[in-house]
Protein chains: 2
Amino acid sequence: MEIVINIDDPTPVFTQLMEQIKTAVANNHLPEGTPLPSIRQLANDLEVNSKTVAKAYKLLERDNIIQSRGYRGSFVHPDAKSHCHIDLSQWTTEMLTDCIATLRAKGVTDSEIRVAFGSLMNSKF
Amino acid sequence: MEIVINIDDPTPVFTQLMEQIKTAVANNHLPEGTPLPSIRQLANDLEVNSKTVAKAYKLLERDNIIQSRGYRGSFVHPDAKSHCHIDLSQWTTEMLTDCIATLRAKGVTDSEIRVAFGSLMNSKF
DNA sequence: ATATGTACCATTACTACAGATGGTACATAT
DNA sequence: ATATGTACCATCTGTAGTAATGGTACATAT
């Protein structure tokens, strides 16, 4: 299992991490249950901040790609393969695309959409 | 017809303009067909930039509250009253609220929503 | 000439957020 | 002791958008 971080790549580090781990799971390079390097260990190896790795791990856990077991470490999720093709971000894009397209069709300005969106995201609900 | 701009109000000037004109139409202070002060004139009176007034007028025209007739000036839209209760911004808020709520319910991070939203708004489609 | 709406060009100040970094601390286990 | 994930605190840089300002110009009319 090799993870390579490309700093010249505009893609955020935590995203590169997620993608590579996800790909490794899909390609059977990381079978279900396989222990992953610890957050601190991986951060040290890749020379990135541990919070950055923690962020990637946290999102991967939310997507059911990996499992965190506290002091026991992190492992590939038992059903990782079936979940790693469920692209939540793609679904998010589709949802928003429809919504924005509808608004634009009604003549709502992009600026107005942005402002309304910003207000909604600020009011935590 | 009096329009007052409050600089201390965090509400943008062009928004204050829109609201007051809209309210005046709803309250019959500005009957359909009434000529509005010209963009430059109003900008001069209120001591704001003409582009700011133009922006308000443009949005009001999109909402069918007023009509611009080029060199002839701007007038209250013939069907202004029936349109001035159709709150496009409110409708926009409702659309986005639903969309965001759905995404959040699925566990999508606010940060992810923002990033996806930003990408979509940049790619002009 | 003068005035209308409109369409470009541009700049400035302000705000907000992402991404990443660093430090500290906790409970839990070996 | 050492290591695990995790949760706070914080700072910094870069980017991006809004709001508003200003200037110039155009076709169209009185």
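Letters go in sequence order (proteins before strands), and every chain restarts at 1. Note that the structure is predicted; figures quoted are calculated from it, not measured.
Distance from the side chain of A:Asn122 is smallest to C:dA16 among C:dT21, C:dA16, D:dT21. Taking only side-chain atoms of B:Ser68, from C-beta outward, the nucleotide of D:dA19, C:dA18, C:dG5 with the closest atom is C:dG5. Closest to the B:Pro12 side chain, of the nucleotides D:dA20, C:dA18, D:dT21, is D:dA20. Checking C:dC17, D:dG5, C:dG22 against every side-chain atom of A:Ile39, the shortest atom distance belongs to D:dG5.
Across all their heavy atoms, B:Pro78 and B:Glu32 have their closest contact at O-CG, 2.8 Å. Closest heavy-atom contact between A:Pro31 and A:Val76: O-CB, 3.5 Å.
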**Fill in**
Encoded 5' to 3' (Watson-Crick or G-U under 3.5 Å; [ ] crossing; | other strand), DNA chain C becomes ||||||||||||||||||||||||||||||
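Within the 3.5 Å criterion, the main-chain N or O of A:Gln41 finds a donor-acceptor partner in the side chain of A:Ser38. A donor-acceptor pair is defined here as one N or O able to donate and one able to accept, closer than 3.5 Å; such a pair exists between the side chain of A:Asp87 and the backbone of A:Gln90. Not a single donor-acceptor pair under 3.5 Å links the side chain of B:Asn27 to the backbone N or O of B:His29. The closest donor-acceptor contact from the side chain of B:Arg104 to the backbone of B:Asp110 lies at 3.5 Å or more, if one exists at all.
We find that CD of A:Gln41 is positioned 10 Å from C1' of D:dA3, with the value rounded to whole Å. Atom CG in A:Asn44 sits roughly 16 Å away from atom P in D:dT2 (whole-Å rounding). Atom P of nucleotide D:dA19 and atom CE of B:Met18 are separated by 11 Å, given to the nearest angstrom. Here the C1' atom of nucleotide C:dA20 and the OH atom of A:Tyr57 are 18 Å apart, to the nearest Å. When the P atom of D:dT18 is taken as reference, atom NZ of B:Lys55 falls 8 Å away, rounded to whole Å. Distance A:Lys51 NZ to C:dA25 P: 13 Å, rounded to the nearest Å. Between A:Ile5 atom CD1 and C:dG19 atom P the separation is 14 Å, expressed in whole Å. Rounded to whole Å, the distance from CG on A:Leu59 to P on C:dA18 is 12 Å.
A:Ser74 comes within 4.0 angstrom of the backbone, heavy atoms only, and of no base. The residue B:Gln67 sits apart from the nucleic acid: no heavy atom pair falls under 4.0 Å. Nucleic acid contact for A:Glu61: sugar-phosphate only, since backbone atoms but no base atoms lie under 4.0 Å from a heavy atom of the residue.
Applying the 4.0 Å criterion to OP1 and OP2 of C:dT21, one finds that A:Ser50 has every side-chain N and O outside that range. Remark: A:Asn49 is in phosphate contact with C:dG22, judged by side-chain N or O atoms under 4.0 Å from OP1 or OP2. Taking side-chain N and O atoms only, A:Tyr71 has no distance below 4.0 Å to OP1 or OP2 of D:dT4. Between A:Ser38 and D:dT4 there is a side-chain N or O to OP1 or OP2 distance below 4.0 Å.
Put simply, the side chain of A:Arg40 and the base of D:dT6 share a donor and an acceptor less than 3.5 Å apart. Side-chain to base pairing of A:Arg72 with D:dG5: no donor and acceptor N or O lie closer than 3.5 Å to each other.
Across the interface with DNA chain C, nearest-nucleotide mapping of B:Ser111 and B:Pro37 shows B:Pro37 to be the residue nearer the 5′ end. Nearer the 5' end of DNA chain C, as judged by each residue's closest nucleotide, is the contact made by B:Gly73, out of B:Gly73 and B:Glu112.
Around atom NZ of B:Lys58, no more than 12 heavy atoms belonging to other residues, nucleotides or ligands sit under 6.0 Å away.
Under the ring pair (Phe, Tyr, Trp, His ring centres under 6.0 Å) criterion, the residue pairs touching residues 51-83 of chain A are A:His77-A:His83, with sequence neighbours excluded.
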